[in-house]
Every structure is written in structure tokens, then in C-alpha cells.
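Shown next, in C-alpha cells, is the structure this report addresses.
When reading the values below, keep in mind they use all heavy atoms of this one structure, side chains included, and skip hydrogens, waters and symmetry mates. Given the structure is predicted, the values throughout are model-derived calculations rather than measurements.
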Amino acid sequence: MNDNIFNKNQDKEKPVRITDLSESEALDSLLSNDFYCTTELPEYFDFSGVLKYATDSIGNKSLDECINSDCLPESVQGVNLDVITNKDGRYAVRPLTLANPFLYYMLARDICKESAWTAIKECFKLFSNEHITACAIPMVKVDDKPEPFKGATSILNWWNSMEQRSIELSLKYRYMFMTDITNCFGQINPESIAWALARKDTPYQTDDNYALASSIQRYLRAMQEGKNIGIPQGSSLFSLIAEIILGYTDMLLAQEIANEQENDNLPKELEYEILRYVDDYRIFCNDRDALDKISFMLQHILERFNFRMNSSKTRTSTELITDSIKADKAFYIFNTPIESKQIYKDEDGHKRKERGYDFDGFQKHLLFIYEFSGRFPNSGQLVTQLEALSKRIDEQLSTKTRTYEETTIDLDSGKTTKEKKTKELKGHLWENISAMVAIAVEIAANNLRAANNALKIASQLLSDMRKEDAEKKSEIIDLIYRKLIRIPNSAFLQVWVQNITHPTDEWSAGDIYDMPLCKVVAKQPVMLWNNNWLNADIAAAFPQDSIVDRDVLAKTGQVITFKAKRQYDEMEY
């Protein structure tokens, strides 16, 4: 990202919407590693090299100029690296995509051309309404400070724009209607991109953006073997495209409400507010009948776009504060908090905050989290609790300096001398490591969203095993592998298990992982992206292996660390 990217932004601390950036700034953001892949991966994965190669080798060439005359990308299987991930350890799945770097670059480049980006920004400006807030337009950090954890900017945006704003609105409104869209990305009709950019059936309808819409649709077909339904998930670029469509539905809803007010079917002075975070809706109103009418209008508009409300998550609430907070967080707050803030004084008199825990043992703490994970699987609060326990384990295992007095007696004079000395002591857990690893791995097996956090704890626990227990440690690692490898659609579990196993010689070689990313780590032959559709002179030098930073991999032990968190800690301390 260039040094002058955010010169126009006055507040250097707060993230900005990508739609507030210039076309060059937006393109720099979309081509960054974190925007390309929004899924947490081990810290040795970095896609910057393949994105740079795509940028340099394609430049301003059109898609037609890059295509091998023998085939089109939409006719080739495996153009993207598509991974079906497991959501619940059983049958619920979620597709995630690592897009073909060449097609990804060309799509981002064409969206960020001056005329196209101006048109997109104009659409978002027209989509906005005083009563409806779109909260999920991708956010871009404006300083160089790393995030404390992957996705922290987006999570903070959700917390401020949805949760905190919803609580604030309880001062003004009595009712809140809540719903979300079932399988939103999978149900998107790419034709609706053209409707949105044309602002069809609104006073702002235009034919000027037809070429842009056609270009986006063509790239999406090329990435999905010619399919005309759904868009990929796993990148901020695809989230931006989804926001173009969903922002247009906001515009239609506001227009429909205004028409109903004009026709006296709704009060002309009706006060209401709508918050939307991607496909998650909250509608606030004091008039229950009007709220019901607005909710039915929303349903009818969504139906036009092939969207369905999720009936299990659709309801009207009068408990705005309680229901503004996600159920997992509410349970944690209102039931048994396992940690509290306490203030201690250092020896030099300075105050510092430390966590105090209601559980005296680490296994009890972990069992509480295990029980919580059964109630609220794959929840954000589960991730938070696992990270808190990880930090607690870290503190316990850290090497501490102990000061003590050593008394010596001079045998000739009988004089006693006291001298202060220091000794470094390595912390230990003193609990059953095998049992705690088993609990952590069970959490990982049933909670894909939190699997990396749970396996991080397992790796920390294993690091505390004594050298004389090396054989037992190896057996436990083998059992972890065998348990998790059996889970259907366990691809993203594999990359984290490999993070634990790769330093051991017998695990670093051999065909023991079928996940393509794992094969690159193990230097096994694999094709991540099928580029047979590309001209040979472009594809020939494609640096696929550069996605694994071998220097970082060499420094990575069996204890899982997260890249964003490590960079943040290094900057802080």
C-alpha cells in the first residue's frame, strides 16, 4: 500500500469505509493479503506474492487478451481453490473461496478503474438513507498498527454499528424486528448486480453502468465454472459486491416505505430506523402495526432477489437491550463470568490490571468453555473465551524472575552477609495435560469457527510436557491428527493440525494431508489454481510456492501463534 494512501483522511486512528477511498487506494486495499483472504490461516501463509505476480504479469491486459485460445476460464474446473468447510462437525457446511489470483486481480482492477469506481461510489451515495444504515461496507485501517487479532477492524465495526447502536436506540423505540437471509451469498443472482448498478425502478435509473455490471458478471462466471447463481465467499472484494446488491435493496425498501406513507398506508410522520449488517436486519419502531408492514415489505423485496428470511431467526422483540446483544455474549454476561478485572500494584508502586479467575484450575476453566461451546457453537464469544484462556496459560507458562536473599557467613570473622539474587523459573501447569488436550480438541472438532483458537490451546498444553514424555507427546499428536482428519470437510482443520505437526520430521514428509494448502507446506506436488485457461507466457512463472513464507515457517514451532496478534504484541511491547 503506498505511503500517501490516506493523506486525505484527517482522523488517523479510525478505519474508513472502502467507498470513501480513491480508486487507487481502494485497489491497493483489495490487493492486500488480508482483504484477499479474510479467513484466519497459520501465520506462514501469505498471498501477497501471487497477487503481485498477477498484477505485474497482467497489467492492463483485458481478460480476452489473457485467455488461451483452447479454453475459457468458465469451462475449466478448479479455477479457484474452493473449500467446503464444516460448521458444526457434522452436516452443516460453508463454502470458502481462495479466488484465482489472476481473475481476482482483473476483477478488482476493473472495479477500481476511475469511471467504474466513481459509478460505484455514486451508487452507494444514492443507496444511503437517513432511516437505513448499511453497517458492513468493508472497512480499511488508516494507520500502520497491526490488528490485535484477525478481523478486529470488522468485529469492532459490528460492535459499534449494530450492538451498541441497537442498545442506544432502546431509548427511543419500543419494538425491534430481527431477521437475516438464509444462505445469502449462495442465493445471490448475478443479474441483480446489473439491477443495482442501473438503480432499476428508482428515480435514479441509468443505463451508464451496463458495461461495468457485465464485466463483474463475467468474472464471477469465470470463477464459478459458468454458474449463474451465487457469488464466492472469503474475500472483502466479494463482500463489496454483495453490498452493492444489498445496498440497492435498502434503497428499494426506503422508496417503498415512502410510497406507503404518501398513500396514507403508513403514518407520514412515522419514526423508524433500520440497521443492516450484510444480511442481518434490525428494524426499530414504536408503532407495532407499522413495524409489521415494514417487515412484510422487506420480505417481498428480498423475494425479488431470490432471498429468503431465516424463519428461525425472525421475530419481534420488546426486550431491546437484551436482544441487541448476541445470545452467546448475553449468556456469558448474565450467568457465570469466569474472569474479573482486578488491580494490583507492582513493586515500583505502579498499578496494573490483571485477570482474576473464579476457577482455581485450568481444566475447570476449559470444561466451562466446553459446556459453553455446546450451548453456543461457533459463536464469537466462544472465540473470546478461548483466547482469554490461552492468555492465562501463556502467563502461567512464562519464565518469571524470582528475587531471593542468599546469606553467607565468613568463617574467619563470623560476619554474616546478605545478598539479593535472582533466579529464572519456568512456569508449569501441574495438571493432566492429556485430558485437557482432549477437551480442547473436542471443542475444535465441533466448532470450526473457533478451531484454530482451541487447537492453539492444545498446542500450548503440549509444549508444557516434559522432555521425558516425548514419546507420549508424539502419541497425543498422532491421536489429534487421526481424530480430526476423520471429520468430513475438515480442510481448514488440517491447516491448523499441520501447524502443530510440521516441525516433526516424520510429519513434514509424506502424503498425510489432502488439503492443497497443506501440500504446499509439505512441498508435495499440487495445483492450487487451474491456470490452463491462461496464455502460457503469463502462467509459466507463476510463483505458487510463495504463498508459504519459508522463513516464517522455519521459526514456527509446534505452538500456534496468530500473525496479526504477534505483530500487534511486538509493536506494543
Side-chain angles (χ1 to χ4, degrees), residues 40-43 145-153 155-156 159 328-329 331-333 336-346 350-373 376 378-401 424-433 435-437 439-444 447 449-465 496 499-500 555-573:
E40 181 88 73
L41 290 173
E43 61 178 331
K145 186 175 181 179
E147 292 184 307
F149 54 88
K150 180 82 170 180
T153 301
I155 292 171
L156 181 61
W159 185 76
D328 56 313
K329 183 185 287 188
F331 179 89
Y332 174 76
I333 293 170
T336 311
I338 60 174
E339 60 183 61
S340 57
K341 295 285 188 182
Q342 299 180 25
I343 295 179
Y344 295 90
K345 281 188 177 181
D346 286 326
H350 293 295
K351 290 183 178 181
R352 61 187 171 90
K353 281 187 177 181
E354 284 193 352
R355 296 180 186 274
Y357 296 92
D358 292 338
F359 294 133
D360 54 0
F362 289 88
Q363 186 175 137
K364 291 179 182 178
H365 191 159
L366 190 55
L367 282 168
F368 177 90
I369 297 174
Y370 172 73
E371 174 66 19
F372 183 90
S373 73
F376 303 101
N378 292 295
S379 63
Q381 191 62 31
L382 174 59
V383 173
T384 301
Q385 289 189 33
L386 287 167
E387 274 301 287
L389 175 56
S390 174
K391 183 176 181 180
R392 184 184 176 194
I393 293 172
D394 237 0
E395 292 169 352
Q396 177 66 21
L397 296 181
S398 63
T399 300
K400 300 175 180 65
T401 302
E424 289 192 342
L425 299 173
K426 175 74 168 63
H428 293 291
L429 297 177
W430 311 111
E431 293 186 59
N432 188 317
I433 298 295
M436 289 192 289
V437 168
I439 299 168
V441 171
E442 190 67 23
I443 294 172
N447 298 271
R449 179 181 177 186
N452 55 323
N453 306 91
L455 289 176
K456 176 183 178 183
I457 288 174
S459 71
Q460 290 173 288
L461 296 170
L462 289 168
S463 73
D464 193 39
M465 295 186 74
W496 294 108
N499 198 155
I500 297 173
K555 297 175 185 176
T556 302
Q558 290 182 310
V559 177
I560 292 172
T561 56
F562 300 143
K563 183 176 183 179
K565 181 69 168 65
R566 183 170 61 79
Q567 290 178 334
Y568 179 83
D569 289 342
E570 287 173 354
M571 179 167 284
E572 285 291 289
Y573 303 109

Taking all heavy atoms of [X] and all of [Y], pick out the closest pair and write down the distance.
X	Y	value
Gln460	Ser390	OE1-OG, 2.8 Å
Ala458	Val437	O-CG2, 4.1 Å
Asn378	Arg449	OD1-N, 2.9 Å
Leu397	Ser463	CD1-OG, 4.0 Å
Leu366	Ala440	CD2-N, 4.0 Å
Ala454	Ile443	CB-CG2, 4.0 Å

Legend entry - From Trp496 atom CH2 to Glu40 atom CD, the distance as rounded to the nearest 0.5 Å: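 Interatomic distance, Trp496 CH2 to Glu40 CD, rounded to 0.5 Å: 4.5 Å.
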Inset, instruction - Please round to the nearest 0.5 Å and tell me the distance separating atom CD of Glu431 and atom CG of Asp464. - result: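 If I round to the nearest 0.5 Å, the distance is 10.0 Å.
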Inset, instruction - Just jot down the salt bridge (charged side-chain N to carboxylate O under 4.0 Å, His left out) partners of Glu442, sequence neighbours excluded, or say none. - result: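 Checked Glu442 against salt bridge (charged side-chain N to carboxylate O under 4.0 Å, His left out); matches are Lys483.
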Donor-acceptor check, side chain of [X] to backbone of [Y], threshold 3.5 angstrom: yes or no?
X	Y	answer
Asp328	Gln381	yes
Asn499	Pro42	no
Ser459	Ile560	yes

Legend entry - Leu367: partners by side chain to side chain contact (heavy atoms under 4.5 Å, CB included), with sequence neighbours left out: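 Counting only residues at least two positions away or on another chain, Leu367 forms a side chain to side chain contact (heavy atoms under 4.5 Å, CB included) with Gln363, Ile439.
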Legend entry - Set of side chain to side chain contact (heavy atoms under 4.5 Å, CB included) partners for Ala450, sequence neighbours left out: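 Applying side chain to side chain contact (heavy atoms under 4.5 Å, CB included) to Ala450 gives Leu382, Val383, Leu386, Asn447, Asn453.
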Legend entry - With Gln558 via side chain to side chain donor-acceptor pair (under 3.5 Å) - residues at least two apart: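 If we apply the side chain to side chain donor-acceptor pair (under 3.5 Å) test to Gln558, skipping adjacent residues, the hits are Lys473, Thr504.
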Inset, instruction - Show the numbers, then the answer: is there a side-chain contact (heavy atoms from CB on, under 4.5 Å) between His365 and Ile369? - result: CA-CA 7 Å; His365 191 159; Ile369 297 174; 3.8 Å; yes
Inset, instruction - Would you sort out whether Glu387 and Lys456 count as a side-chain contact (heavy atoms from CB on, under 4.5 Å), showing the intermediate values? - result: CA-CA 9 Å; Glu387 274 301 287; Lys456 176 183 178 183; 3.5 Å; yes
Legend entry - Test item: Leu429 and Met436 side chains (from C-beta on) under 4.5 Å apart, heavy atoms: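 A side-chain contact exists here, since the closest heavy-atom pair is under 4.5 Å.
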Legend entry - Contacts of Phe376 that satisfy ring pair (Phe, Tyr, Trp, His ring centres under 6.0 Å) - sequence neighbours left out: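 Once residues adjacent in sequence are excluded, the partners of Phe376 under the ring pair (Phe, Tyr, Trp, His ring centres under 6.0 Å) criterion are Phe331, Phe372.
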Legend entry - Residue that, paired with Phe362, satisfies side chain to side chain contact (heavy atoms under 4.5 Å, CB included) out of Leu389, Ile457, Leu461: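 It is Leu389; the other options fail the test.
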